[in-house]
Amino acid sequence: MIVDDFILRAALAGLMVALAAGPLGCFVVWRRMAYFGDATAHAAILGVALALAFSVSVFLGTLITALVMAAVVSTLAGRGWAMDTTLGVLAHSALALGLVAVSFLPGVRVDLTVYLFGDILTVSRNDLVVIGLGAAMVLGLMVWRWRFLLAATISEDLAQSAGVNPARERMVLVLALAITVAVALKVVGALLIAAMLIIPAAAARAYARSPELMAALAVTLGAAAVLAGLGLSLQFDTPAGPSIVAAASAFFVGSVGGAGIWRLVRRG
Amino acid sequence: MSAAPAVAARDAVARAEAEPLIRAEGVSVAYGKAQPVLSGIDFEIRPGEIVTVVGPNGSGKSTFLRAVLGMVGASAGRVWRAPKLRVGYVPQRLHLDPNLPLTVARFLRLLQPLPDAEVLSLLARVGVPGLEGRSMGTLSGGQFQRVLLAQALAGRPQILVLDEPTQGLDQSGIAAFYRLIEAVRREIGCAVLSVSHDLHVVMSASDRVICLNGHICCQGTPHVVSNAPEYRALFGLGTQGALALYQHNHDHNHEHGPGDDHLSDHGQSPTHSHEGGHDR
Ligand SMILES: Nc1ncnc2c1ncn2[C@@H]1O[C@H](COP(=O)(O)OP(=O)(O)O)[C@@H](O)[C@H]1O
Ligand SMILES: [Mg+2]
C-alpha cells in the first residue's frame, strides 16, 4: 500500500506529540494541573497573534506566551489566590485577547481554526523537525527528572527531606508543558492540547500498577488515538485534531468500562 | 538490669562528646511578611538523642522541624547540620492522589534504590510484613503510618524526624507505635526528633522535651518539663493524670520488675530507664 507523504508526516507528528504528552500528562493528572494546562494552552492563541504581529515563528511566540502564562499563574498561586478562579480568568482572557488581537492584524487574513483545532495534515518537513526536537526535549526532561518529579509529586516534604527542590521540579514541569503546548498547537490546536495530556493518562490509570507503567500506557493509548483519529479523519473527512481527541475519549470510555467489567468478573 | 545504669552513663558521655547532628542558633521563621511563627530558637541534637517537641496546635512545631531540616529558610539566626546528614522524615500530612498508582514497595523506593530483600525486611521490622504488593491507597491508618516509618528508615538515617507520627491511631496503637520507634532506635542508634501532642506517651521515652509556643517556653528532662509552670500554663493541670495513667499501662505491658514504682517518671532516674525495662 502506498501511503501519501502528508499522511506519513501527519502520523509522525502525532506520534511524537503522544510520546511527550504521555508522561507529562500523568503528572498533570497526579498534580491536578488540568486547568493549568488549559490556561497555558489557551495562552498560545495570544502567542500566535504576537508572533504574527512581530513576524517571529509561531512556535517561538507560543512557547514564550505559554511560559509567561505559567509564570503568572505560579506567582499568583504563591500569593494565595484561589487557583480555579484565577486559572479560569486567565485562560479565557488570554484566549479572548488572542482572538481579538489576531483580528487586528493587517494584511493576510488568518485562518484561526488552524490554531484552535490544529492542522496536522499540513505538517511540513520543517514542522516535523521542530515537533521532533520539542518532543525529544520534553521526553528527555521527563526521563532525566523522573525520580525527582515523582518524589516531589508524592510529597514535597519528603522530597525536600532528601534534598530534592520541589520548586525546581515545578519549573521543570512548567517548561515541559510550555514546550508541549508549542509543538502540539499544529497537531491538535490550542483548544484540545489539554485533552491530549489528560485523556490518555486517565485512560491508562485503571490498568497501571506503577507510575512508570501508567506513563508507558498513556503513551501507547495516545499513539493509538493519533492513528485511529487520523484514519477516521481520512475516511470520513472529519477535522483531524478533534478526531484524534474523540478517539482518545473512546479509549477512555472503553478503559473505564473495561475496568468495571474486569472487577465484576473477578469478584465472581 | 544492673548493667543498664553504667551503659546509660557511658552513652551519655559519648553523646556529650559527639558533634551535634543539628544545631540552631537564634533562629526565627516567618512565612511571607507575617509575624514570625518562631523566634529566638536555640537548639541542638546529638547522635542517638531522643528529643520530643510538644506544644498546642499552631504553636510552630511543624515549622520548627522544617526549619532545622532546612526546608524553610530562617529569617534570623542560623542552622547548622552535619555534612551529608542522612535524615529519615515522616511528614505530618501525606496526601496521595488516587490517580497515582503506587505500591508499598515502590513507595519505599521513592528516595533511593532498595533491593527486594531490604523492602521485605523493612516492612517486617515495622510490623507490617507482606504489604509490599499492596496499593498505598488501600492501607489502614495504622498500616500507613508504619509504612511511612519504614520509608523514613529506608535511607539508613542518622536522625529520624517524626511529625505527629501517631495521628489517627487509637490509644493502644499509639503506645505500640512509640515502643516500635524506641526498639528501632536502639537497633540502629539513630537520633529521634519527634513532635507530638501525645504528651503522656512520649514523655517517658525522651531524653529531653522541648515545650514550644512560638518560642521555647521550657525544656529539660520529661520530669522537669511536666512540673514546669510554663508547661502547666500551656497544657493545664489535667495532663498529670494522663501521664500517670499511661505509665500504668506502659509498665503493665512490659512487665517491669516488682520493684517498679508505677508513678515514677521513666526518664527521671536511670534505674527506671526505659531501655533497662525492654532489653530482654
Ligand atoms: N506554608 C505556610 N504558609 C503560611 N503560614 C503557615 C505555613 N505553614 C504554617 N503556617 C502558620 O504557622 C503557624 C504554625 O504552624 P505549624 O508549624 O504547622 O504549627 P503546629 O505544627 O504546631 O500545629 C500557624 O499559624 C500556621 O497557620
Ligand atoms: Mg504540625
Side-chain angles (χ1 to χ4, degrees), chain A residues 23 25-34 75-81 145-169 197-218 252 255-256 259 263, chain B residues 31-34 62-63 65-73 81 83-113 132-138 144 147-149 151-152 154-157 159-163 193:
Chain A
C26 287
F27 283 110
V28 170
V29 167
W30 295 334
R31 300 173 75 115
R32 308 187 172 214
M33 291 168 67
T75 312
L76 292 181
R79 296 205 181 147
W81 286 46
R145 305 303 303 173
W146 183 263
R147 248 162 49 78
F148 310 102
L149 283 169
L150 194 63
T153 298
I154 286 169
S155 166
E156 296 210 336
D157 284 340
L158 271 187
Q160 243 180 323
S161 77
V164 177
N165 179 352
R168 187 176 54 207
E169 303 312 322
L197 288 168
I198 294 160
I199 298 177
R205 169 60 185 107
Y207 302 97
R209 283 281 288 159
S210 73
E212 292 75 18
L213 196 59
M214 180 160 155
L217 264 177
F252 174 76
S255 150
V256 171
R263 270 198 304 275
Chain B
Y31 289 107
K33 294 192 182 68
S62 297
T63 303
L65 295 188
R66 296 164 59 79
V68 298
L69 291 181
M71 292 158 65
V72 54
R81 274 183 304 284
K84 298 217 158 77
L85 182 67
R86 294 188 307 279
V87 175
Y89 181 51
V90 172
Q92 182 171 8
R93 257 180 304 275
L94 198 153
H95 172 78
L96 288 173
D97 191 288
N99 279 318
L100 177 51
L102 197 67
T103 61
V104 169
R106 184 68 182 81
F107 178 69
L108 295 189
R109 294 191 171 103
L110 190 61
L111 302 176
Q112 69 281 302
E132 60 277 0
R134 284 273 293 277
S135 161
M136 288 291 288
T138 66
F144 193 82
V147 169
L148 282 185
L149 178 63
Q151 199 287 322
R156 301 180 176 281
I159 178 169
L160 266 181
V161 178
L162 314 166
D163 198 344
L193 174 58

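Everything quoted here is computed from the prediction, not taken from an experiment. Throughout, protein chains are lettered first and strands after them, A, B, ... in sequence-line order, and every chain is numbered starting at 1.
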query = Do A:Ser210 and B:Thr103 have side chains that get closer than 4.5 Å, going by heavy atoms?
reply = no
task = Report the residues that fulfil ring-ring contact (aromatic ring centres under 6.0 Å, His included) with A:Phe27, sequence neighbours left out, ordered by chain and then residue number.
result = A:Trp30, A:Trp146
request  = Can you tell which part of B:Arg86 gets under 4.5 Å to a heavy atom of chain A, answering side chain, backbone, both or neither?
outcome  = neither
note = Closest heavy-atom pair, A:Ala208 versus B:Pro101, reported as atoms and distance to 0.1 Å, is O-CB, 3.3 Å
query = Got a second to check how far B:Arg106's CZ is from A:Leu213's CG, nearest 0.5 Å?
reply = 11.5 Å
ask   = chain B heavy atoms under 4.5 Å from A:Arg32: which part of the residue, side chain, backbone, both or neither?
value = side chain
remark   = The reported gap from CG in A:Asp157 to CG in B:Leu65 (rounded to nearest 0.5 angstrom) is 10.0 Å
note = Value for OG (A:Ser161) from CG (B:Asp163), rounded to nearest 0.5 Å, stands at 12.0 Å
inquiry  = Looking at every non-hydrogen atom in both residues, tell me the closest pair between B:Gln151 and A:Leu158 and how far apart they are.
reply    = OE1-CD2, 3.6 Å
ask   = If you tally heavy-atom pairs under 4.5 Å against chain A, which of B:Leu100, B:Leu110, B:Val161 wins?
value = B:Leu100
remark   = Whatever's closer than 4.5 Å to a heavy atom in chain A on B:Gln92 counts as neither
key: A:Arg209 versus chain B, the contacting section by heavy-atom distance below 4.5 Å   = both
N-O pairing of B:Asp97 and A:Arg31 below 4.0 Å = no
Contacting moiety of A:Glu212, where chain B heavy atoms sit under 4.5 Å = side chain
query = Once you round to the nearest 0.5 Å, how far does CD of A:Gln160 lie from CG of B:Leu69?
reply = 9.0 Å
